[in-house]
Asks: 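Before I ask anything, here is the structure I am working with.
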Amino acid sequence: MSKLDNLIDSWKDEIVEETRNLIKIRSVEEKAKDDRPFGDGPYEALQYALKLSDKFGFTTKNHENYAGHAEWGQGHDIVGILVHLDVVPEGTGWTYPPYEAKVVDGKIYGRGSSDDKGPTVAAMYALRAVKEAGIPLQKRVRIIFGTNEESGWGCMKHYFDEKKEEVPVMGLSPDANFPIINREKGILIFNIEKKFESRSEKVNIKYMKGGQRPNMVPDYCEAGIEVKNELRDEIRQRFNNFIKDKDVHLELSDSIDGFVIKSHGVSAHGSTPEKGKNAIVPLAEFLGSLAAGENDVTAFLNFIARYIGKEVHGDSLGIHLIDEPSGDLIFNLGMIEMDEEKGKLVINIRYPVTFKGEDVVKKLESNLVQIDKDLYLSDVSDNPPLYVPADSPLVKKLQKVYKEVTGEEPELISIGGGTYARAIPNAVAFGALFPGKPELAHEKDEYIEIDDLIKCAKIYAHAIAALAGE
């Protein structure tokens, strides 16, 4: 066993404890305040990571609490390790409290344990091991801490675009799967909107709201409807008939002027929506059946039910693109905001690496006009695909490291998720989820196995030595 491995084994309890400490910080983005651009949680997580880095003797820098970095080594060029400290909202239904960081059966449970706080701590201890082992480096190694990865990447824009920080010549992001991800689909986020000029005379939908992030399958959606007293019994009956033979979880309760209807689903990552149950769709389907007649509200709800439904590839919208390197386009309805004036859907799409975002947008806009001329797109953002060739020196070195440490074949894979690897040229996602292990990012009961956490630290230590030591 190498000196790097021995050092990391000796720090096992520390690594577990620091991971738990970081998980206990609820680093979900909130409204900006004072010098905290993404709220208290991301700010506190960044301070914690930088303080720990200082303790290890790294050179640190904080960029106005948007992002920061910790650096060790020498040389002109930089090897980047890009991690994020923010997390998606915890959702509901956890077995153990999401910010207690409870250790059970060799696993650390908590929001961010695998995405991306456990891997972040592993990378920090990997760099510490290289430092303590006295391995000579020809390049500087810089761990870049982001605080807004889950909801906009404002941290990376600030770090690279506004502060003009040095761009690493190569890098990795420990924020996905092992062995090596050299293909990441492009990511489109946008709204589909419709203004309501006409409404149902029978049922007035006052509001409908669901979802917390575009890149999550929404596990909760709620609507408030206004109905005349003489129609209450009819609504209750229609509700009972609707849920009778369907695999849905809807609840109907009385309000002063009508009903509140709640829909419960199952959360999942927006890149794997087939693993979840979208809470928006069944509620839209039921409300569409109530708001009968030719009107804009009914048309909008029926659009959701008919053209989105349970589909995850955008087939009914005519945008199901496929290529050989990365597979199918992935479609996720992440959020809905609807009132008496208009409706808005927030969509998250992962498109294949050989296409461009504009290919998808143009095709969708053309098809929407034919479905409903009053539907329109707004706030379109495009994060282009990542594609690093299999024969690149970066990929070859990481393959060699992975095989030496694990004894397993280092296959190259493609994902629909988007990591910080695409924030710089010549970078790939490298771990931290091992083959065959369940993908729990953005889901309830997220955890990381302690043995895997330690193995990650060893792999990253050897990777640092391989990439920066030559």
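Computed from a predicted model, the values in this text were never measured in an experiment. What you see below is based on every heavy atom in this structure, not just the backbone, and it leaves out hydrogens, waters and symmetry mates.
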Asks: So if I apply the salt bridge (charged side-chain N to carboxylate O under 4.0 Å, His left out) rule between E446 and each of K102, K107, R111, which one comes out positive?
Replies: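 Exactly one candidate clears the test, R111.
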
Asks: Quick one: sort the F430 and F178 rings into parallel, tilted or perpendicular, breaks at 30° and 60°.
Replies: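 Perpendicular: the ring planes of F430 and F178 meet at over 60°.
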
Asks: Hey, mind stepping through S27 and E44 against side-chain hydrogen bond (donor to acceptor under 3.5 Å, both in side chains) and telling me if it holds?
Replies: CA-CA 7 Å; S27 51; E44 291 172 11; over 6 Å; no

Asks: Which of parallel (below 30°), tilted (30 to 60°) and perpendicular (above 60°) describes F38 and Y66?
Replies: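 Perpendicular: the ring planes of F38 and Y66 meet at over 60°.
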
Asks: May I have the step-by-step check of salt bridge (charged side-chain N to carboxylate O under 4.0 Å, His left out) for R26 and E90, ending in yes or no?
Replies: CA-CA 9 Å; R26 186 180 184 274; E90 58 275 13; 3.1 Å; yes

Asks: Side chains of E149 and Y420: donor-acceptor distance under 3.5 Å anywhere?
Replies: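 Absent: no donor and acceptor within the cut-off.
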
Asks: Should the pair K163-E64 be classified as a salt bridge under the 4.0 Å nitrogen-to-oxygen rule?
Replies: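 Counted as a salt bridge, because a side-chain N and a carboxylate O are separated by less than 4.0 Å.
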
Asks: For F303, does the six-membered ring have the charged nitrogen or CZ of K194 within the cation-pi criterion, i.e. under 6.0 angstrom from the centroid and within 45° of the normal?
Replies: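 No, a cation-pi geometry is absent between K194 and F303.
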
Asks: Should Y125 and E18 count as side-chain neighbours, where that means a heavy-atom distance under 4.5 Å?
Replies: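 The answer is yes; the side chains approach within 4.5 Å.
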
Asks: Is any side-chain heavy atom of L329 closer than 4.5 Å to one of V360?
Replies: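 Yes; the side chains approach each other to less than 4.5 Å.
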
Asks: Within 45° of the six-membered ring axis of W72 and under 6.0 Å from that ring's centre, is NZ or CZ of K131 located there?
Replies: yes

Asks: Is a side-chain N or O of S53 found less than 3.5 angstrom from the main chain of A49, in a donor-acceptor match?
Replies: yes

Asks: Answer yes if the side chains of D382 and Y351 hold a donor-acceptor pair under 3.5 Å, and no otherwise.
Replies: yes

Asks: How many angstroms lie between CH2 in W94 and NZ in K444, if you round to the nearest 0.5 Å?
Replies: 10.5 Å

Asks: Enter the distance from L172:CG to L82:CG here, rounded to the nearest 0.5 Å.
Replies: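 Atom-to-atom, L172:CG and L82:CG are 8.0 Å apart.
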
Asks: Is there a donor-acceptor contact under 3.5 Å from the side chain of R142 to the main chain of H69?
Replies: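 Between the backbone of H69 and the side chain of R142 there is no qualifying donor-acceptor contact (under 3.5 Å).
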
Asks: Are the side chain of N148 and the backbone N or O of W153 linked by a donor-acceptor pair below 3.5 Å?
Replies: yes

Asks: Has D77 got a side-chain atom pairing as donor or acceptor with K139's backbone, closer than 3.5 angstrom?
Replies: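 Such a contact is absent between D77 side chain and K139 backbone.
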
Asks: Tell me whether E337 is salt-bridged to K344, with the criterion being a basic N under 4.0 Å from an acidic carboxylate O.
Replies: yes

Asks: Short question: side chain of S113, backbone of Y447 - any donor-acceptor pair under 3.5 Å?
Replies: yes

Asks: Return yes when atom NZ of K363 has more than 12 non-hydrogen atoms of other residues, nucleotides or ligands closer than 6.0 Å, and no otherwise.
Replies: no

Asks: Just one of L345, I349, V346, N348 clears the side chain to side chain contact (heavy atoms under 4.5 Å, CB included) bar with F190, so which one?
Replies: I349

Asks: Could you go through Y48 and N21, starting from their C-alpha distance and side-chain angles, then the distance that decides it, and tell me whether this counts as side-chain hydrogen bond (donor to acceptor under 3.5 Å, both in side chains)?
Replies: CA-CA 9 Å; Y48 194 92; N21 289 341; 2.8 Å; yes

Asks: Pairing donors with acceptors under 3.5 angstrom, does anything connect the side chains of H264 and D219?
Replies: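 There is no such pair (donor and acceptor under 3.5 Å, judged by atom type) between the side chains of H264 and D219.
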
Asks: Are any side-chain N or O atoms of S263 and backbone N or O atoms of A279, one a donor and one an acceptor, separated by less than 3.5 Å?
Replies: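 It does hold such a pair.
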
Asks: Apply side-chain hydrogen bond (donor to acceptor under 3.5 Å, both in side chains) to the pair H63 and E165, showing each step before the final yes or no.
Replies: CA-CA 10 Å; H63 282 300; E165 272 290 350; 2.8 Å; yes

Asks: Taking atom CG of L50 and atom CD1 of I143, what is their separation to the nearest 0.5 Å?
Replies: 10.5 Å

Asks: Determine whether the side chains of Y402 and H462 contain a donor N or O and an acceptor N or O closer than 3.5 Å.
Replies: no

